[in-house]
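Keep in mind that this is a model prediction, so the values were computed, not measured.
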Amino acid sequence: LLGKPNQLKIDTMNKTIEALNAGISKIKPGYQQIVALMYENGIIELLQERLSKSGVVKIIEIGGGYGALAYYLMKILNFEVSYSLVDIPESLAFSSIYCGCLDMGIPVKMVREGSDFCINSDPSLTLIPNVFLDKLNTLDEPVDLCINTLSLAEMSPVQVEYYCNFISRSIGSTGLFFEQNRHANELKLGVTFSRYLKRLRKCNTALLPNFAELRGEANIWVNSNWQK
(Lines give C-alpha, C1' and ligand atoms only; values in the text may rest on other atoms or scores of the structure.)
Protein backbone atom coordinates (compact mmCIF):
# COMPACT_ATOMS: atom_id res chain seq x y z
CA LEU A 1 0.00 0.00 0.00
CA LEU A 2 1.44 3.34 -1.04
CA GLY A 3 0.51 5.67 1.77
CA LYS A 4 2.03 8.97 0.70
CA PRO A 5 -0.68 11.51 -0.20
CA ASN A 6 0.87 12.36 -3.58
CA GLN A 7 1.03 8.76 -4.78
CA LEU A 8 -1.49 6.22 -6.02
CA LYS A 9 -2.90 4.16 -3.15
CA ILE A 10 -3.23 0.48 -3.94
CA ASP A 11 -4.70 -2.51 -2.14
CA THR A 12 -3.63 -5.38 -4.41
CA MET A 13 -6.09 -8.01 -3.18
CA ASN A 14 -9.09 -5.69 -3.37
CA LYS A 15 -8.03 -4.46 -6.80
CA THR A 16 -7.64 -8.03 -8.06
CA ILE A 17 -11.15 -8.86 -6.87
CA GLU A 18 -12.45 -5.65 -8.42
CA ALA A 19 -10.79 -6.52 -11.71
CA LEU A 20 -12.36 -9.97 -11.72
CA ASN A 21 -15.76 -8.53 -10.89
CA ALA A 22 -15.37 -6.08 -13.75
CA GLY A 23 -15.39 -8.99 -16.18
CA ILE A 24 -11.74 -9.10 -17.21
CA SER A 25 -12.17 -12.78 -18.06
CA LYS A 26 -14.45 -11.68 -20.92
CA ILE A 27 -11.78 -9.42 -22.40
CA LYS A 28 -9.61 -10.76 -25.21
CA PRO A 29 -6.46 -12.38 -23.73
CA GLY A 30 -4.02 -9.90 -25.24
CA TYR A 31 -5.73 -7.05 -23.38
CA GLN A 32 -6.57 -8.80 -20.10
CA GLN A 33 -3.18 -8.12 -18.57
CA ILE A 34 -3.23 -4.42 -19.57
CA VAL A 35 -6.62 -3.85 -17.96
CA ALA A 36 -5.57 -5.91 -14.92
CA LEU A 37 -2.45 -3.80 -14.53
CA MET A 38 -4.53 -0.64 -14.68
CA TYR A 39 -6.95 -1.93 -12.04
CA GLU A 40 -4.34 -3.28 -9.66
CA ASN A 41 -2.06 -0.25 -9.85
CA GLY A 42 -4.67 2.40 -9.17
CA ILE A 43 -5.18 3.86 -12.64
CA ILE A 44 -8.82 2.85 -13.08
CA GLU A 45 -9.68 4.09 -9.59
CA LEU A 46 -8.04 7.46 -10.27
CA LEU A 47 -9.90 7.82 -13.56
CA GLN A 48 -13.20 6.97 -11.86
CA GLU A 49 -12.52 9.57 -9.17
CA ARG A 50 -11.84 12.23 -11.79
CA LEU A 51 -14.87 11.17 -13.78
CA SER A 52 -17.10 11.69 -10.76
CA LYS A 53 -15.77 15.25 -10.43
CA SER A 54 -15.52 16.40 -14.04
CA GLY A 55 -18.08 14.25 -15.89
CA VAL A 56 -15.55 13.19 -18.54
CA VAL A 57 -11.95 11.97 -18.59
CA LYS A 58 -9.43 12.51 -21.37
CA ILE A 59 -7.22 9.71 -22.66
CA ILE A 60 -4.67 9.67 -25.47
CA GLU A 61 -3.41 6.31 -26.71
CA ILE A 62 -0.37 6.24 -28.96
CA GLY A 63 -0.29 3.17 -31.18
CA GLY A 64 -3.80 1.96 -30.44
CA GLY A 65 -4.01 -0.70 -33.13
CA TYR A 66 -7.53 -1.53 -34.20
CA GLY A 67 -9.07 0.02 -31.08
CA ALA A 68 -9.81 -2.90 -28.76
CA LEU A 69 -8.11 -1.42 -25.68
CA ALA A 70 -9.84 1.90 -26.33
CA TYR A 71 -13.19 0.12 -26.38
CA TYR A 72 -12.57 -1.84 -23.17
CA LEU A 73 -11.42 1.23 -21.24
CA MET A 74 -14.29 3.38 -22.48
CA LYS A 75 -16.74 0.63 -21.53
CA ILE A 76 -15.29 0.43 -17.99
CA LEU A 77 -15.77 4.20 -17.73
CA ASN A 78 -19.32 4.07 -19.14
CA PHE A 79 -18.15 5.75 -22.36
CA GLU A 80 -17.84 9.07 -20.53
CA VAL A 81 -14.42 9.52 -22.11
CA SER A 82 -12.84 11.81 -24.66
CA TYR A 83 -10.53 9.19 -26.17
CA SER A 84 -7.94 10.08 -28.80
CA LEU A 85 -6.25 7.24 -30.66
CA VAL A 86 -3.01 8.11 -32.48
CA ASP A 87 -1.59 5.71 -35.06
CA ILE A 88 -0.33 5.44 -38.60
CA PRO A 89 -3.07 6.02 -41.22
CA GLU A 90 -3.01 2.40 -42.39
CA SER A 91 -3.79 1.17 -38.87
CA LEU A 92 -6.54 3.75 -38.38
CA ALA A 93 -8.26 2.38 -41.48
CA PHE A 94 -8.92 -0.79 -39.47
CA SER A 95 -9.77 0.95 -36.19
CA SER A 96 -12.26 3.23 -37.92
CA ILE A 97 -14.14 0.17 -39.18
CA TYR A 98 -13.91 -1.78 -35.90
CA CYS A 99 -14.87 1.13 -33.63
CA GLY A 100 -17.49 2.38 -36.07
CA CYS A 101 -19.31 -0.96 -35.82
CA LEU A 102 -19.47 -0.95 -32.02
CA ASP A 103 -22.51 0.29 -30.13
CA MET A 104 -20.82 2.92 -27.96
CA GLY A 105 -23.33 5.75 -28.15
CA ILE A 106 -20.60 8.34 -28.78
CA PRO A 107 -19.34 9.94 -31.99
CA VAL A 108 -16.35 8.39 -33.76
CA LYS A 109 -14.48 10.77 -36.03
CA MET A 110 -11.27 10.81 -38.03
CA VAL A 111 -8.99 13.86 -38.18
CA ARG A 112 -8.38 14.70 -41.81
CA GLU A 113 -5.84 16.92 -43.50
CA GLY A 114 -6.62 20.58 -43.00
CA SER A 115 -6.68 23.07 -40.18
CA ASP A 116 -5.54 22.69 -36.59
CA PHE A 117 -7.76 20.72 -34.22
CA CYS A 118 -8.36 20.30 -30.50
CA ILE A 119 -8.99 17.40 -28.16
CA ASN A 120 -12.76 17.02 -27.87
CA SER A 121 -14.09 18.02 -24.44
CA ASP A 122 -17.16 15.76 -24.77
CA PRO A 123 -17.37 11.95 -24.78
CA SER A 124 -16.10 10.79 -28.16
CA LEU A 125 -13.49 8.74 -29.97
CA THR A 126 -11.12 10.72 -32.19
CA LEU A 127 -8.80 8.89 -34.59
CA ILE A 128 -5.65 10.94 -35.21
CA PRO A 129 -3.21 9.99 -37.99
CA ASN A 130 0.28 10.43 -36.59
CA VAL A 131 1.22 12.66 -39.54
CA PHE A 132 -1.31 15.24 -38.33
CA LEU A 133 -0.39 15.17 -34.64
CA ASP A 134 1.58 18.42 -34.96
CA LYS A 135 -1.69 20.15 -35.85
CA LEU A 136 -3.10 19.42 -32.40
CA ASN A 137 -3.53 22.71 -30.59
CA THR A 138 -1.92 23.20 -27.20
CA LEU A 139 -4.19 21.59 -24.63
CA ASP A 140 -6.07 23.96 -22.33
CA GLU A 141 -6.13 21.24 -19.67
CA PRO A 142 -3.88 18.20 -19.35
CA VAL A 143 -5.21 14.79 -20.29
CA ASP A 144 -5.80 12.32 -17.47
CA LEU A 145 -3.94 9.43 -19.08
CA CYS A 146 -1.58 8.70 -21.96
CA ILE A 147 -1.05 5.10 -23.01
CA ASN A 148 1.49 3.23 -25.09
CA THR A 149 1.81 -0.53 -25.24
CA LEU A 150 4.61 -2.24 -27.17
CA SER A 151 4.94 0.17 -30.09
CA LEU A 152 7.47 2.68 -28.70
CA ALA A 153 9.97 -0.18 -28.60
CA GLU A 154 9.49 -0.52 -32.37
CA MET A 155 10.19 3.14 -33.19
CA SER A 156 13.37 4.99 -34.04
CA PRO A 157 15.18 6.99 -31.32
CA VAL A 158 14.02 10.23 -32.93
CA GLN A 159 10.39 9.10 -32.84
CA VAL A 160 10.68 7.99 -29.20
CA GLU A 161 12.04 11.42 -28.25
CA TYR A 162 9.21 13.11 -30.16
CA TYR A 163 6.50 11.14 -28.39
CA CYS A 164 8.12 11.51 -24.95
CA ASN A 165 8.06 15.27 -25.42
CA PHE A 166 4.45 15.12 -26.63
CA ILE A 167 3.39 12.94 -23.69
CA SER A 168 5.10 15.16 -21.12
CA ARG A 169 3.31 18.23 -22.50
CA SER A 170 -0.03 16.42 -22.71
CA ILE A 171 -0.20 15.06 -19.14
CA GLY A 172 0.90 18.28 -17.44
CA SER A 173 1.07 18.19 -13.65
CA THR A 174 -1.90 15.86 -13.08
CA GLY A 175 -1.91 13.20 -15.80
CA LEU A 176 -0.35 9.73 -15.92
CA PHE A 177 1.57 7.92 -18.63
CA PHE A 178 1.07 4.14 -18.61
CA GLU A 179 3.40 2.20 -20.86
CA GLN A 180 4.33 -1.41 -21.41
CA ASN A 181 7.36 -2.07 -23.58
CA ARG A 182 10.43 -4.23 -23.76
CA HIS A 183 13.01 -1.90 -22.24
CA ALA A 184 15.95 -4.27 -22.62
CA ASN A 185 16.77 -3.44 -26.23
CA GLU A 186 19.06 -1.09 -28.10
CA LEU A 187 16.70 1.86 -27.60
CA LYS A 188 17.10 1.81 -23.79
CA LEU A 189 13.60 3.25 -23.41
CA GLY A 190 13.85 3.60 -19.64
CA VAL A 191 16.78 5.97 -20.07
CA THR A 192 14.91 8.09 -22.61
CA PHE A 193 11.71 8.18 -20.56
CA SER A 194 13.67 9.32 -17.52
CA ARG A 195 14.93 12.39 -19.36
CA TYR A 196 11.36 13.63 -19.76
CA LEU A 197 9.44 12.02 -16.90
CA LYS A 198 9.84 10.35 -13.52
CA ARG A 199 8.66 6.82 -12.81
CA LEU A 200 5.85 6.79 -10.27
CA ARG A 201 5.81 3.03 -9.95
CA LYS A 202 6.68 -0.24 -11.64
CA CYS A 203 3.46 -2.17 -12.15
CA ASN A 204 2.61 -5.72 -11.16
CA THR A 205 -0.54 -7.82 -11.29
CA ALA A 206 -1.59 -10.81 -9.19
CA LEU A 207 -4.00 -11.92 -11.91
CA LEU A 208 -1.29 -12.50 -14.53
CA PRO A 209 2.04 -12.50 -12.65
CA ASN A 210 4.15 -13.61 -15.64
CA PHE A 211 3.00 -10.81 -17.93
CA ALA A 212 6.45 -9.17 -18.22
CA GLU A 213 8.01 -12.30 -19.73
CA LEU A 214 5.48 -12.22 -22.56
CA ARG A 215 4.92 -8.52 -23.22
CA GLY A 216 7.52 -6.53 -21.32
CA GLU A 217 7.47 -4.60 -18.06
CA ALA A 218 4.84 -1.97 -17.32
CA ASN A 219 5.35 1.40 -15.65
CA ILE A 220 3.48 4.53 -14.65
CA TRP A 221 5.30 7.77 -15.40
CA VAL A 222 4.49 11.37 -14.44
CA ASN A 223 6.05 14.79 -14.73
CA SER A 224 8.27 15.92 -11.85
CA ASN A 225 5.57 18.32 -10.59
CA TRP A 226 2.84 15.69 -10.54
CA GLN A 227 0.03 15.95 -8.03
CA LYS A 228 -2.90 13.64 -7.60
Side-chain angles (χ1 to χ4, degrees), residues 27-38 41 43 58-74 83-99 110-111 113 119 125-136 143-171 175-205 208-223:
I27 294 176
K28 292 182 179 180
Y31 299 96
Q32 285 179 4
Q33 54 92 37
I34 300 175
V35 177
L37 284 163
M38 290 188 176
N41 291 276
I43 295 176
K58 295 181 179 180
I59 299 175
I60 297 177
E61 183 181 1
I62 297 167
Y66 67 92
L69 179 60
Y71 171 71
Y72 293 133
L73 290 179
M74 288 190 290
Y83 203 108
S84 300
L85 198 160
V86 181
D87 214 321
I88 59 176
E90 295 84 351
S91 181
L92 293 181
F94 291 97
S95 54
S96 63
I97 296 172
Y98 174 79
C99 296
M110 175 86 75
V111 171
E113 186 174 6
I119 294 293
L125 173 61
T126 303
L127 307 177
I128 306 175
N130 65 324
V131 293
F132 299 151
L133 191 57
D134 285 336
K135 292 182 175 291
L136 175 62
V143 299
D144 299 288
L145 177 65
C146 279
I147 302 168
N148 176 262
T149 56
L150 303 180
S151 60
L152 276 173
E154 301 170 348
M155 299 182 190
S156 71
V158 172
Q159 290 172 311
V160 173
E161 296 271 359
Y162 171 84
Y163 280 114
C164 283
N165 182 49
F166 171 78
I167 291 164
S168 177
R169 289 187 285 108
S170 297
I171 62 177
L176 305 175
F177 171 41
F178 171 86
E179 59 86 17
Q180 183 178 18
N181 286 280
R182 295 193 181 278
H183 287 221
N185 64 13
E186 65 278 5
L187 286 174
K188 296 183 173 59
L189 291 177
V191 175
T192 305
F193 292 157
S194 297
R195 290 205 296 269
Y196 292 85
L197 305 156
K198 71 172 184 178
R199 184 161 64 181
L200 186 65
R201 67 177 294 114
K202 184 176 181 178
C203 300
N204 288 294
T205 167
L208 301 161
N210 297 322
F211 74 93
E213 298 174 12
L214 301 174
R215 300 174 66 88
E217 69 177 55
N219 302 280
I220 301 172
W221 301 82
V222 296
N223 280 317

Task: From Leu125 atom CG to Tyr83 atom OH, the distance as rounded to the nearest 0.5 Å - done: 8.5 Å
Task: From Phe178 atom CZ to Asn219 atom CG, the distance as rounded to the nearest 0.5 Å - done: 8.5 Å
Open item on the list: Please tell me whether Ser151 and Glu154 have a donor and an acceptor in their side chains that are separated by less than 3.5 angstrom.
Closed with: no
TODO: Report the residue from Thr205, Leu176, Ile43 that forms a side chain to side chain contact (heavy atoms under 4.5 Å, CB included) with Met38.
DONE: Ile43
Open item on the list: Could you walk me through whether Leu69 and Val35 satisfy the side chain to side chain contact (heavy atoms under 4.5 Å, CB included) test, starting with their C-alpha distance in whole Å, then the side-chain angles of each, then the deciding distance to 0.1 Å, before giving a yes or no?
Closed with: CA-CA 8 Å; Leu69 179 60; Val35 177; 4.2 Å; yes
Extract all donor-acceptor atom pairs below 3.5 Å that involve side chains of residues 163-171 and protein atoms in other chains or at least two apart in sequence.
{"unit_1": "Ser168", "atom_1": "OG", "unit_2": "Asn223", "atom_2": "OD1", "d": "2.7"}
{"unit_1": "Ser170", "atom_1": "OG", "unit_2": "Phe166", "atom_2": "O", "d": "2.8"}

Task: Ile34 versus Gln180, closest heavy-atom pair with distance - done: CG1-OE1, 3.8 Å
Open item on the list: Would you compute the distance between atom OG1 of Thr126 and atom CE of Met110 and round it to the nearest 0.5 angstrom?
Closed with: 10.5 Å
TODO: Write down the atom of Lys202, the atom of Asn41, and the distance for their closest heavy-atom approach.
DONE: O-OD1, 4.4 Å
TODO: Walk me through it: do Leu200 and Trp221 pass the test side chain to side chain contact (heavy atoms under 4.5 Å, CB included)?
DONE: CA-CA 5 Å; Leu200 186 65; Trp221 301 82; over 6 Å; no
TODO: Please report the shortest heavy-atom distance between Ile119 and Lys58, naming the atom on each side.
DONE: CG2-CD, 4.2 Å
Open item on the list: Determine whether a donor-acceptor pair (N or O, by modelled atom type, separation under 3.5 Å) exists between the side chain of Glu213 and the backbone of Asn210.
Closed with: no
Open item on the list: One pair to check against side chain to side chain contact (heavy atoms under 4.5 Å, CB included): Ile88 and Val131. What are the steps and the verdict?
Closed with: CA-CA 7 Å; Ile88 59 176; Val131 293; over 6 Å; no
Task: Shortest non-hydrogen contact between Leu85 and Gly67, atoms and distance - done: CD1-CA, 3.9 Å
Open item on the list: Quick check for you: to the nearest 0.5 Å, what is the distance between Ile60 atom CD1 and Phe177 atom CZ?
Closed with: 11.5 Å
Open item on the list: Quick check: do Leu92 and Ile128 have side-chain heavy atoms less than 4.5 Å from each other?
Closed with: no
Open item on the list: Can you confirm if the aromatic rings of Tyr66 and Tyr98 lie within a centre distance of less than 6.0 Å?
Closed with: yes
Task: Exam field: side chain Asn148 to backbone Glu179, donor-acceptor pair closer than 3.5 Å - done: no
Open item on the list: Please check this pair: side chain of Asn181 against backbone of Leu150, looking for a donor-acceptor N/O pair closer than 3.5 Å.
Closed with: yes
Task: Taking every non-hydrogen atom, the tightest pair across Arg182 and Ala153 - done: O-CB, 4.0 Å
TODO: Mind listing the closest non-hydrogen atom pair of Gly64 and Asp87 along with its distance?
DONE: N-OD2, 3.2 Å
Open item on the list: How long is the straight-line distance from CG of Leu136 back to OG of Ser84, given to the nearest 0.5 Å?
Closed with: 7.5 Å
Open item on the list: Taking the basic N atoms (NZ, or NE/NH1/NH2) and the acidic carboxylate oxygens, is any pair closer than 4.0 Å for Arg199 and Glu217?
Closed with: yes
Task: Verdict with reasoning, Tyr162 to Met155, per side chain to side chain contact (heavy atoms under 4.5 Å, CB included) - done: CA-CA 10 Å; Tyr162 171 84; Met155 299 182 190; over 6 Å; no
Open item on the list: Nearest 0.5 Å, please: how far is CD in Gln159 from CD1 in Ile62?
Closed with: 11.5 Å
